Amino acid sequence: MAPKSYIAQVGRFLGQEVTLEGWVYNHTHKGKLHFVMLRDGTGIIQAVIFRDTVGEAAFEKSLQLTLESSVRISGIVTEDKRAKGGFELQAQAIEILQIAPEYPISPKEHGIDFLMENRHLWLRSSLQHAIMKVRHEIIKACRDYFDQLDFTLIDAPIFTPAACEGTTTLFETDYFDSKAYLTQSGQLYMEAAAMAFGKVYCFGPTFRAEKSKTRRHLTEFWMIEPEMAFCDLQQDMAVAEGLIMKILERVLENRREELKKLERDLAPLEVIRTPFPRMPYDEAAAILKKENPDFIEGDDFGAPDETILSQQHSSPVMISHYPVGVKAFYMKADPQQPDRALCVDVLAPEGYGEIIGGGQREDDLEVLLNKIRAHKLPEEAFAWYLDLRRFGSVPHAGFGMGIERTVTWICGLKHIRETIPFPRTMSRIYP
RNA sequence: UCAGGUGUAGCUCAACCGGCAGAGCGGGUGGCUGUUAACCACUAGGUUGUAGGUUCGAGUCCUACCACCUGAGCCA
């Protein structure tokens, strides 16, 4: 048998015979000629099957092929202007691994519910394939960025004994004779790790039982969370800015083809420059008072507010110093203005909204203890967390970036559900 | 959870004022040596989301329920 190749590398075998293994993406036939679009995960190539070349029996068998049937085709790689991708495979022999029954997803239109019900198959489609490739690139860019800055990857637990933030709803689960909760953030554990390693990050799934039915929410999503000892809000923001620039650089370098397939306008991504506009809450609130009559000063921003703010700039906007009341208990208050928190939200451009939330953490034992009490959180569950302020407390900061929201923005999608292989939402846990 | 909307063939959708349930795609059969979501001919495919009600007659009107979609709150 001829040597194996992946479709993406087929150009190296021009004029030679190779064996390709994959699935039938589409096919059509015309008398003694049969065209099979072969898909192997790395690309798509058209195999041309002539009756006279492969023989009567093999040709007849090839006509049995259906969408997504699995095959092994050996043939000579040729260049052909008529073929998409420029290369074609002149089939010499075909081995059918399996004939698939009627495939539910046709190249025609489908509704979102049907596609989600068939998500396990939908992932084979070219647009979904492109989104997952961009997701992969973004995750790799994040890892490389933190590795270059000498961060240590520290994995946070998924089972937790109590609310990390205490504000949002948690998924509860049985844990032998007691209860446990699925994590909604690795942050508190990263704070412990930062005191051990200096600069750390975690990357893992997080869970929110919020009954949110919007295009921006999943109940299970992935978050990358750096945490740095001896770090203030300004330095924290610089790291966040650098991370976003790294992602843009990598995606524009390596995934142009995928973004083009997704019909993503690259111009808004290409014009992004540092430094990103930085704006304290009060300044943002003043803008919103003019633009949105429903906005109440002192409140957190709603989705329409974020859209208004992000559309005023071509680069992501960093909004800091929110009122302490709308933020979590661990946020450090600004010593200059104690009713404002040393926190930051990063809003992606083009109305995509919040992709990063973070800030400087409260590092004073007494202040933190009082906040835990004020928020009516179970004190004993935070004993270990308070220890971090007892044994060598230092200023520290970090943030969390939602991977799926970032992918939604980079890909220019209108809904978050296609950015994760198997989305979990309020109304979907299958497949 | 609230507010709107949708539910008809495997899929995407038609069906006028309440009057014979229809098309394209996909499937099957046959044809074609250059197709790209091919084309031509033939063909199979239905408990109109579920349960009630009004009516001579309901896909169509009414009630309840279910599922999904869009948006809001909350958040990354």
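Bear in mind that the values here come from a model prediction, so they are computed numbers and not experimental data. Sequence lines set the chain letters: A, B, ... in the order given, protein chains first and strands last, and positions in each chain run from 1. For the numbers below, each heavy atom of this structure counts, side chains included, while hydrogens, waters and symmetry mates do not.
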Notebook entry, point to check: Between K211(A) (NZ) and A3(B) (P), how many Å, whole number?
Noted result: 15 Å
Checklist line | Side-chain H-bond candidate by donor/acceptor type, Y330(A) with E191(A), under 3.5 Å | finding: no
Notebook entry, point to check: Is the charged tip of K327(A) near the ring of Y322(A): under 6.0 Å from the six-membered ring centre and within 45° of its axis?
Noted result: yes
Notebook entry, point to check: Reckon E404(A) touches a base, only the sugar-phosphate, or nothing at all at heavy-atom distances under 4.0 Å?
Noted result: nothing
Next item on the list: Counting heavy atoms from C-beta on, name the nucleotide in C75(B), U33(B), G71(B) closest to the side chain of K213(A).
Entry: G71(B)
Notebook entry, point to check: Looking only at atom C1', what distance separates U33(B) and A38(B), rounded to whole Å?
Noted result: 14 Å
Notebook entry, point to check: Does the side-chain ring of F35(A) sit on the six-membered ring of the G34(B) base, less than 5.5 Å centre to centre and under 30° in tilt?
Noted result: no
Next item on the list: Determine the Euclidean distance between corresponding P atoms of A23(B) and A9(B); express it in Å to zero decimal places.
Entry: 14 Å
Note to self: Base, sugar-phosphate or nothing for F221(A)? Non-hydrogen atoms, less than 4.0 Å.
What the structure shows: base
Next item on the list: Determine the Euclidean distance between corresponding C1' atoms of C68(B) and U8(B); express it in Å to zero decimal places.
Entry: 16 Å
Check: Contact class for I112(A) (heavy atom, under 4.0 Å): base, sugar-phosphate, or nothing?
Finding: sugar-phosphate
Next item on the list: Inspect the contact between R255(A) and E137(A) and indicate whether a charged nitrogen and a carboxylate oxygen are less than 4.0 angstrom apart.
Entry: yes
Next item on the list: Mind checking I356(A) for me? I need base, sugar-phosphate or nothing, with any heavy atom below 4.0 Å counting as a touch.
Entry: sugar-phosphate
Note to self: Would you measure the distance from the P atom in A67(B) across to the matching atom in G30(B) and give it in whole Å?
What the structure shows: 45 Å
Checklist line | Pairing partner of A41(B) (Watson-Crick or G-U wobble, both distances under 3.5 Å) | finding: U29(B)
Next item on the list: Both distances under 3.5 Å, Watson-Crick or G-U wobble: report the partner of U48(B), or none.
Entry: none
Note to self: Salt bridge or not between E258(A) and R135(A)? Use side-chain N to carboxylate O under 4.0 Å.
What the structure shows: no
Note to self: Any salt bridge linking K133(A) with E257(A)? Criterion: basic side-chain nitrogen under 4.0 Å from a carboxylate oxygen.
What the structure shows: no
Notebook entry, point to check: Which nucleotide in the set C75(B), U70(B), A72(B) lies at the smallest distance from any side-chain heavy atom of P304(A)?
Noted result: A72(B)
Notebook entry, point to check: When only distance counts, do a donor and an acceptor, one from the side chain of S106(A) and one from the base of C11(B), lie under 3.5 Å apart?
Noted result: no
Check: NA contact type, H217(A), heavy-atom cut-off 4.0 Å: base, sugar-phosphate, or nothing?
Finding: base
Note to self: Check this one for me: any side-chain N or O of N118(A) less than 4.0 Å away from OP1 or OP2 of G10(B)?
What the structure shows: no
Check: Nearest-Å distance, CG (L170(A)) to P (C75(B))?
Finding: 14 Å
Next item on the list: Would you mind reading off the distance between D80(A) atom CG and U33(B) atom C1', rounded to a whole angstrom?
Entry: 14 Å
Checklist line | For C74(B), the Watson-Crick or wobble partner whose two distances fall under 3.5 Å | finding: none
Notebook entry, point to check: Mind telling me whether C17(B) is syn or anti, cutoff 90° either side of 0?
Noted result: syn
Notebook entry, point to check: Taking 4.0 angstrom as the limit, do E404(A) and R417(A) come out as a salt bridge?
Noted result: no
Check: Quick one: is U33(B) close enough that its OP1 or OP2 comes under 4.0 Å of any side-chain N or O from K30(A)?
Finding: no
Next item on the list: Scan H34(A) against the nucleic acid and name what it touches under 4.0 Å (heavy atoms): base, sugar-phosphate only, or nothing.
Entry: nothing
Next item on the list: Rounded to whole angstrom, note down the C1' distance from G19(B) over to U29(B).
Entry: 37 Å
Margin query: Under 4.0 Å between a side-chain nitrogen and a carboxylate oxygen: does that hold for D113(A) and R428(A)?
Written below: yes
Note to self: Quick check for you: among G34(B), A38(B), U70(B), whose closest atom lies nearest to any side-chain atom of F50(A)?
What the structure shows: G34(B)
Checklist line | D52(A) CG to G34(B) C1', straight-line distance once rounded to whole Å | finding: 15 Å
Margin query: Give me the distance, rounded to whole Å, that separates U55(B) from C74(B) when you measure between the P atoms they each carry.
Written below: 50 Å
Next item on the list: Just compare U35(B), C75(B), U33(B) and give me whichever is closest to any side-chain atom of Q46(A).
Entry: U35(B)
Notebook entry, point to check: Just how far, in rounded Å, is C1' of A76(B) from CG of L347(A)?
Noted result: 12 Å
Notebook entry, point to check: When you check the gap from the basic side-chain N to the acidic O, do D363(A) and K332(A) get nearer than 4.0 Å?
Noted result: yes
Next item on the list: For S212(A) and for P104(A), find the nucleotide of RNA chain B with the closest heavy atom, then tell me which residue's nucleotide is more 5'.
Entry: P104(A)
Next item on the list: Between G4(B) and G45(B), how far apart are the C1' atoms? Round to whole Å, please.
Entry: 35 Å
Next item on the list: Mind checking R428(A) for me? I need base, sugar-phosphate or nothing, with any heavy atom below 4.0 Å counting as a touch.
Entry: nothing
Notebook entry, point to check: Would you say a side-chain N or O of S185(A) is under 4.0 Å from OP1 or OP2 of C75(B)?
Noted result: no
Next item on the list: Could you check how far CD of E79(A) sits from P of G34(B), rounded to whole Å?
Entry: 22 Å
Check: Between F114(A) (CZ) and U12(B) (P), how many Å, whole number?
Finding: 6 Å
Note to self: Can you tell me the base-pairing partner of G22(B)? Count Watson-Crick or G-U wobble geometry only, both distances below 3.5 Å, and say none if there is no partner.
What the structure shows: C13(B)
Next item on the list: Return yes if a side-chain donor-acceptor contact under 3.5 Å exists between T42(A) and Q9(A), otherwise no.
Entry: no
Checklist line | R215(A) side-chain N/O to A72(B) phosphate OP1/OP2 under 4.0 Å | finding: no
Check: NA contact type, T214(A), heavy-atom cut-off 4.0 Å: base, sugar-phosphate, or nothing?
Finding: base
Note to self: Using whole Å, what does the distance between atom P of nucleotide G30(B) and atom NZ of K32(A) come to?
What the structure shows: 16 Å
Notebook entry, point to check: According to the Watson-Crick and G-U wobble definitions, with both distances under 3.5 Å, which nucleotide is paired to C61(B)?
Noted result: G53(B)
Checklist line | Distance, P atom - from G53(B) to C17(B), rounded to whole angstrom | finding: 27 Å
Next item on the list: For G302(A), answer base if it contacts any base atom (sugar-phosphate contacts may also be present), sugar-phosphate if it contacts only those atoms, and nothing otherwise; contact means non-hydrogen atoms under 4.0 Å.
Entry: sugar-phosphate
Check: Considering only side-chain heavy atoms of R417(A), which listed nucleotide, C69(B), G34(B), C75(B), is closest?
Finding: C69(B)
Note to self: Mind checking if R216(A) touches a base, just sugar-phosphate, or nothing, with heavy atoms under 4.0 Å?
What the structure shows: base
